[in-house]
Q: 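Below is a structure I'd like to ask you about.
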2 protein chains.
Amino acid sequence: MDETEKLQTHRRGSGVSTVYETLRNEIIELKLPPGSPIDEQQLSDRFSLSRTPIREALVRLAAEGLISTLTNRATIVSNIDFLGLPEFFDALTLMYRVTTRLAAANHAEGDIAAILVQQKAFEVAVSNRDVLGMISTNRDFHIAIAQAGRNRYYVELFTRLLDEGRRILRLYYSSFNDVLPRQYVGEHEEMIQAIINRDVTLADRLASAHADQIVGQIRSYITADSRQTARLAL
Amino acid sequence: MDETEKLQTHRRGSGVSTVYETLRNEIIELKLPPGSPIDEQQLSDRFSLSRTPIREALVRLAAEGLISTLTNRATIVSNIDFLGLPEFFDALTLMYRVTTRLAAANHAEGDIAAILVQQKAFEVAVSNRDVLGMISTNRDFHIAIAQAGRNRYYVELFTRLLDEGRRILRLYYSSFNDVLPRQYVGEHEEMIQAIINRDVTLADRLASAHADQIVGQIRSYITADSRQTARLAL
DNA sequence: TGTATTTTTCTTGTCGACAAAAAGTCGGCA
DNA sequence: TGCCGACTTTTTGTCGACAAGAAAAATACA
């Protein structure tokens, strides 16, 4: 780490949040890969803070499941649990459906505009073939929808799931081609229209199909047979 | 607080968990009512610990939303958000359904036994007219079902929702009569049978009805018209 | 040379103290 | 008497240091 994070003095109380958010981002963006050890002393030097606020930030990350702390031993970035993937897909699909449904039912003044902003950003990322941008703008788009649904419990769980999804997708982002993302743009537009029309049933159906698409795509990445010798004639 | 919590020396690392769990229980059981201030110094004395581990426990509680911390100012037990109750009911109902469904689909060796243990405890609480016991054993029963469903995301959210529900119910526990709880015993038994038979559809329907019951009951408590002068002839 | 045991080192968990921020208090002034 | 500003007190956020536990290294022994 060659970057000296903050040289100027922090405002009292802002330290923990800064550390928390910075580490959170680095974990989700795989800048800190799963399994990598977290050294408190090192972070203390990096942020020019005592170990106490560092520790509080780590406790918050641990509560979110982003890091795992072995008592009295090391603390590491949580591994991606491939065995738990079916559970993950199930919950993700349910949240896609529920949030889109609720958005159609509950959206109010300004929600649509917020959703459109994110959709626009997603479109730009797609046309730029900016794969990492697609992953993160797609997340923002769906969170905007969730927020329009006005249920903080769903928003919170969905955010966690989408961020966990970002970690997984980052592993395979080189596998992205540009045909599926273009399809997503269209699906997003359909969902927005259904939400505007307050067509709950259609919103649900579209979200469900959309979720199946994404889950299917992730599945195909993971199970992709990358053996170069597979087609070898013997 | 006349209770001296722990006089003997703690095992290293066990301190935070102890404080966390103790406070968590006291918050959920309304022993620490919503809005009551949390004094770090006081807790430090009570648990015979430095303020550092106390603080880490508080950070965890804050991450769960059980306490609210005003930066540089006070930290208090979170208020029960009555305005957010519709969201709460919606999420609670969904989790009732999803967990019972999954339990019917995924339960394995030993799960049923664990569920029956909790159901037995609930029955005992009901026949003893132990209202507080009913509230907590009912929670344990449904968490046992959720665990049989094998989805950690749902288990986690459901646990949070049920515990938040315990706080609310405690406020009205004096309103409990013994007719509804007896009905719950029957409904629980039906749900168990559906799970054993792996009848997903029936499990879903029963859970849905059960959730409606409970939500309706809480609603009736909250909106109960307790004005003594209401029937006064004028 | 391989294994068991002790020693060292490193990291984490805990502590007491200090500093900053806010609330509360007191006195002055209109 | 009522309001405003400076001072005091209280509580939180941060710090540097120490102690315990575990891993790694070094040593002793078969």
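We name chains A, B, ... by the order of the sequence lines, and we start the count at 1 in each one.
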Q: Among D:dT12, C:dT14, D:dG21, which is the nearest nucleotide to the side chain of A:Arg55?
A: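 Of the candidates, C:dT14 comes closest.
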
Q: Answer yes or no: side-chain N or O of B:Arg51 and base N or O of D:dG13 forming a donor-acceptor pair under 3.5 Å.
A: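 When only heavy-atom distances are counted, B:Arg51 does reach the base of D:dG13 through a donor-acceptor pair under 3.5 Å.
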
Q: Rounded to whole Å, how long is the line connecting atom CG of A:Asp39 with atom P of C:dG13?
A: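 Those two atoms, CG and P, are 12 Å apart.
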
Q: Separation of B:Glu40 atom CD from C:dT14 atom P, in whole Å?
A: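 That distance rounds to 15 Å.
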
Q: Taking side chain as C-beta onward, heavy atoms only, is B:Met95 less than 4.5 Å from B:Leu157?
A: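 They are in contact (side-chain heavy atoms under 4.5 Å apart), so the answer is yes.
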
Q: Could you state the CG-P distance from B:Asp45 to C:dG16, rounded to the nearest angstrom?
A: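 Going from B:Asp45 (CG) to C:dG16 (P), I get 11 Å.
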
Q: Can you tell me how far P of C:dG13 sits from CD1 of B:Ile54, to the nearest Å?
A: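 Rounded to the whole Å, the gap is 16 Å.
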
Q: Should A:Glu64 and A:Arg160 count as an ion pair when the cut-off is N to O under 4.0 Å?
A: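 A salt bridge is absent here (no side-chain N lies under 4.0 Å from a carboxylate O).
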
Q: Give the ring-plane orientation class for B:Tyr221 versus B:Tyr172, where under 30° counts as parallel, over 60° as perpendicular and anything between as tilted.
A: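 Ring orientation of B:Tyr221 relative to B:Tyr172: parallel.
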
Q: A:Arg12 has an atom CZ; how far is it from atom P of D:dC15, in whole Å?
A: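 About 10 Å, once rounded to whole Å.
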
Q: Please compare A:Ala74 and A:Thr52 by the position of their nearest nucleotide in DNA chain C and report the one closer to 5'.
A: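 Of the two residues, A:Ala74 wins.
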
Q: Examine C:dA23: is either OP1 or OP2 under 4.0 Å from a nitrogen or oxygen in the side chain of B:Arg73? Give yes or no.
A: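 Yes, within the criterion.
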
Q: Report the distance from atom CG of B:Leu49 to atom P of C:dC15, rounded to the nearest whole Å.
A: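 To the nearest whole Å, that distance equals 5 Å.
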
Q: Using atom CG of A:Leu58 as one end and atom C1' of C:dT11 as the other, report the distance to the nearest whole Å.
A: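 That distance rounds to 13 Å.
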
Q: Would you indicate what A:Ile38 reaches in the nucleic acid, counting non-hydrogen atoms under 4.0 angstrom: base, sugar-phosphate, or nothing?
A: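 The answer is sugar-phosphate, as A:Ile38 gets under 4.0 Å only of primed atoms, P, OP1 or OP2.
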
Q: Is any side-chain N of the basic residue among B:Arg150 and A:Glu87 closer than 4.0 Å to the acidic one's carboxylate O?
A: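 No, B:Arg150 and A:Glu87 are not salt-bridged.
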
Q: Could you check how far CG of A:Leu70 sits from C1' of C:dC10, rounded to whole Å?
A: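 Whole-Å distance recorded here is 16 Å.
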
